[in-house]
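Here's the structure we're looking at; comments come further down.
Chain letters run A, B, ... following the sequence lines, proteins first, then strands; residues in each count from 1. Computed over heavy atoms, backbone and side chain alike; hydrogens, waters and symmetry mates excluded. Here the structure is a predicted model, which means the values were calculated and not measured.
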Amino acid sequence: MIENLVIVESPAKAKTIEKFLGKDFRVISSFGHIRDLSKKNLGIDIENDFAPDYEIPKEKTRVVSELRKAASEAKNIWIASDEDREGEAIAWHLAGVLKLDLATTRRIVFHEITKDAISNAIENPRSIDMNLVNSQQARRILDRLVGFEISPVLWKKVQPSLSAGRVQSVAVRLLVEREREIFSFKPESSFRINAIFRVDEANLESAFLRAEASKRFPDEKEAQKFLELCNISKYNVSDITVKPGTRSPAPPFTTSTLQQEAYRKLGFSVAQTMAVAQKLYEAGKITYMRTDSTILSKLALVKSREVIISGYGEKYSKTRQFKTKTKGAQEAHEAIRPAYPDNLTITGNLNEKKLYELIWKRTIASQMADAQVEKTTISIEMNNSPVVFNATGEVIKFDGFLKLYTESSDQENNDEEKYVIHPVKKGMPLYYNNITAAPKFTAPPPRYTEASLVKKLEELGIGRPSTYAPTISTIQNRGYVSREDRPGEKRHIKVLTLEKGKITAISKTEVSGKEKSKLFPQDIGMIVNDFLIENFSEIVDYHFTAEVEEQFDEIAMGRLKWTGMLHEFYVPFHKTIEKTLENKDRKTGVRTLGNHPETGEPITVRMGRFGPVAQIGNSDNGSKPRFASLSKNQLIETITLEEALNLFRLPRSLGMHEDDEMVVGIGKFGPYIRYKNKFYSLKKGTDDPYSLTVERAIEIINEKNESEKKKVIKDFGDIKVLNGRYGPYITRDKLNYRLPKGTESEKLTKEDCIKIIEKNNKPK
DNA sequence: CAGTGAGCGAGCTTCCGCTTGACTT
């Protein structure tokens, strides 16, 4: 018999708490929810006032039987799930499944894992809050209704296996709308004038100042005219302003801000960040990593202060508590921080170390003093033009938290070069070293990264810390969006430079639109998005979640009946489902691009059975239409007639080579040459299937055959020694075996190989 | 590893939020 049994959600938390509570307490975990709506069917009896049909999922049966066993052996049971809507529901399900008396079940909560917080919780138990539980049931059931009623409509009207949901569909919408903004964006250019001035007329090496003209010029001619004026102008310092300012540190990490910073500073994907953080949490190195709170425990504040004072001195310390600003934050946990702020580094793999260091710096910096800065602006006037040159610079008077950490920004063109402002005085004459005029193009809004999408979703109050990473995975797995790099396009520009009284023009190329690890909507994502906006505009509205959240709050406060709320939502919603099923045609995103220049047949693009397809003609008058798949990076929405026609040029014959035909085409894995029933991939970036020559094709074929010959070191029939990416290895029955270190692969006999295979086969 | 587009029909897919392993390469 155990005196006291405490049930928490996370096993790592259970371990820590058990230490604090002593031998009269046993702490076990439920591993999150233990019961959910039935997986088959809807799991909701709509006729019967939305009665939910809960079941214990298969993967939870073991945990539940362990919980049952522990509960039957305990005298007192304390349910310590998190203090939020989901945690309250977990408590209620636990009470139900473990057959606990609701009236006497002791529900306790704590926000930080310290001895004081836990004993305080034990001294102040309460009962389960049914209003809060009901708001969770409303949330759960609404999500099931939305997901399980709209998805089948998509299967019928768009494509099988698609999905829609309150969170994922809005995430896709954000990406699609941003992509369309980018399509329709027309870059405009104007000439920007940048000058480097010196203080001494004769000495070309004297102190200099970088400044930009207050005016931009629409074209090269105007810019040229201005530079001519610059050449004969006299310059002097007309004004100097010095503005003091402060910069404050960012709050400690939440899940969302950790994902953003780990992406920007470490290049981690959202899922990778969470996996590494999970490891750190399980090892007791950081606090819980799924949180929306920026609050630090008192203990963390005190410890951080000690670390700062001993490391940097008293004046670098400024203890702060940051209020969580996020909409709908439930604050069941602390911010993400080092479990022990005095540990500057940890043991672990490289990524764990990097992420820990990031969390440590962010936490400590948040408790450091503001930085004191001084922003200086120097105006330089011309004697023959109203245009003014401005030089700006920032001097850090006291670094404060900047000593340790600065937050990165999503802005890519961070061309704010920090130039030291040399001491100049009002009225002082200046002389130009050089003045350049270069066209500057306006840029479209940036594409989302995984992390910036999470940021946007959080701002809209959509999704929770535990679902950001899975949502990002879902929309990629469904094929709605894809994470990709794009090389960008070269742009030729002309730069004018005025130097020593002469204006020279140089041509330059710059790359625009280069993308790294960005989210690109795909055709199916755009078609589904448009279908949802046409038919379920309320659900994919950016405010939908915020509006239902308000009602969930009303339910939690006991001011609204949860089944009533669901009824209000469901009746019109279900009517829309039925109307859509009945009246709407299948949506393929079809576009007519025009007519074939020779035959006059119509050319269309649409989503076909196997993906986006272009079609020449139709089957009306007994003629057979021709089909070609769109290639990667082409979208139904933006493909041109010319590009579509091009698709039909492949596969094409390159003619004969040693009595066999060479055919070029684009397959599942990119452009290829088919020759003697073998496939040879074209080199990415260098070879183009439309313009590939016979000579180059033969070269590719020979190259591959050569390297394949080198691949086989020994051939014993069923056993082969091959040369792979990681060096020589043995293969048999499609299984590969590593060679022991120091083996000379050329000298292996068949018997040696069998020995190695048998050794390798031993179970680990 | 390497395109498919005739048409029909059975059986499958799907949500969001809590939590981690148990799998294979």
message: Measuring centre to centre across the rings, with the benzene-like ring taken for any Trp, is Y288(A) within less than 6.0 Å of Y281(A)?
response: yes
- prompt: Looking at residues at least two apart in the chain, or sitting in another chain, which of them share a side chain to side chain donor-acceptor pair (under 3.5 Å) with Q522(A)?
  reply: none
- request: Report, as a single string ordered 5' to 3', how protein heavy atoms within less than 4.0 Å touch nucleotides 2-11 of chain B: B base, S sugar-phosphate only, - not at all.
  value: BBBB------
Contact list for DNA chain B against residues 158-165 of chain A - heavy-atom distance below 4.0 Å: P160(A), S161(A), L162(A), S163(A), A164(A), G165(A)
- request: Provide, to the nearest angstrom, the distance between the CG atom belonging to D84(A) and the C1' atom belonging to dG17(B).
  value: 10 Å
field: For K60(A), salt bridge (Lys or Arg N to Asp or Glu O under 4.0 Å) partners two or more places apart
entry: none
field: L67(A)/V97(A) under side-chain contact (heavy atoms from CB on, under 4.5 Å): CA gap, chis, key distance, verdict
entry: CA-CA 9 Å; L67(A) 287 166; V97(A) 169; over 6 Å; no
- prompt: Does dC16(B) have OP1 or OP2 sitting under 4.0 Å from an N or O in the side chain of T467(A)?
  reply: no
message: Holding to side chain to side chain donor-acceptor pair (under 3.5 Å), I want the full list of residues that pass it with R696(A), two or more places apart in sequence or in another chain.
response: D687(A), E699(A)
field: With sequence neighbours excluded, residues passing side chain to side chain donor-acceptor pair (under 3.5 Å) with S81(A)
entry: R107(A)
Proximity to DNA chain B (any heavy atom under 4.0 Å), residues of residues 474-482 of chain A only: T474(A), R478(A)
- request: Starting at atom CE of M274(A), determine the distance to atom C1' of dC18(B), rounded to an integer number of angstrom.
  value: 12 Å
- prompt: Which pairs with one or both residues in residues 143-155 of chain A pass salt bridge (Lys or Arg N to Asp or Glu O under 4.0 Å), sequence neighbours excluded?
  reply: R139(A)-D143(A), D143(A)-R166(A)
Please list every donor-acceptor pair under 3.5 Å in which a side-chain atom of residues 151-158 of chain A meets a protein atom from a residue at least two apart or in another chain.
from	atom 1	to	atom 2	distance (Å)
S151(A)	OG	G147(A)	O	2.7
S151(A)	OG	A164(A)	N	3.1
W155(A)	NE1	S151(A)	O	3.4
W155(A)	NE1	L162(A)	O	2.8
K157(A)	NZ	L581(A)	O	3.0
K157(A)	NZ	K584(A)	O	2.5

field: Annotated protein contacts, base or backbone, on nucleotides 19-24 of chain B with a non-hydrogen cut-off under 4.0 Å, one of B, S, - each
entry: BS----
message: Just to be sure I follow the notation: if a pair is Watson-Crick (purine N1 to pyrimidine N3 plus N6-O4 or O6-N4) or a G-U wobble (N1-O2 and O6-N3), each under 3.5 Å, what dot-bracket string does DNA chain B give, with | for pairs to another strand?
response: .........................
task: Just jot down the side chain to side chain donor-acceptor pair (under 3.5 Å) partners of D292(A), sequence neighbours excluded, or say none.
output: R464(A)
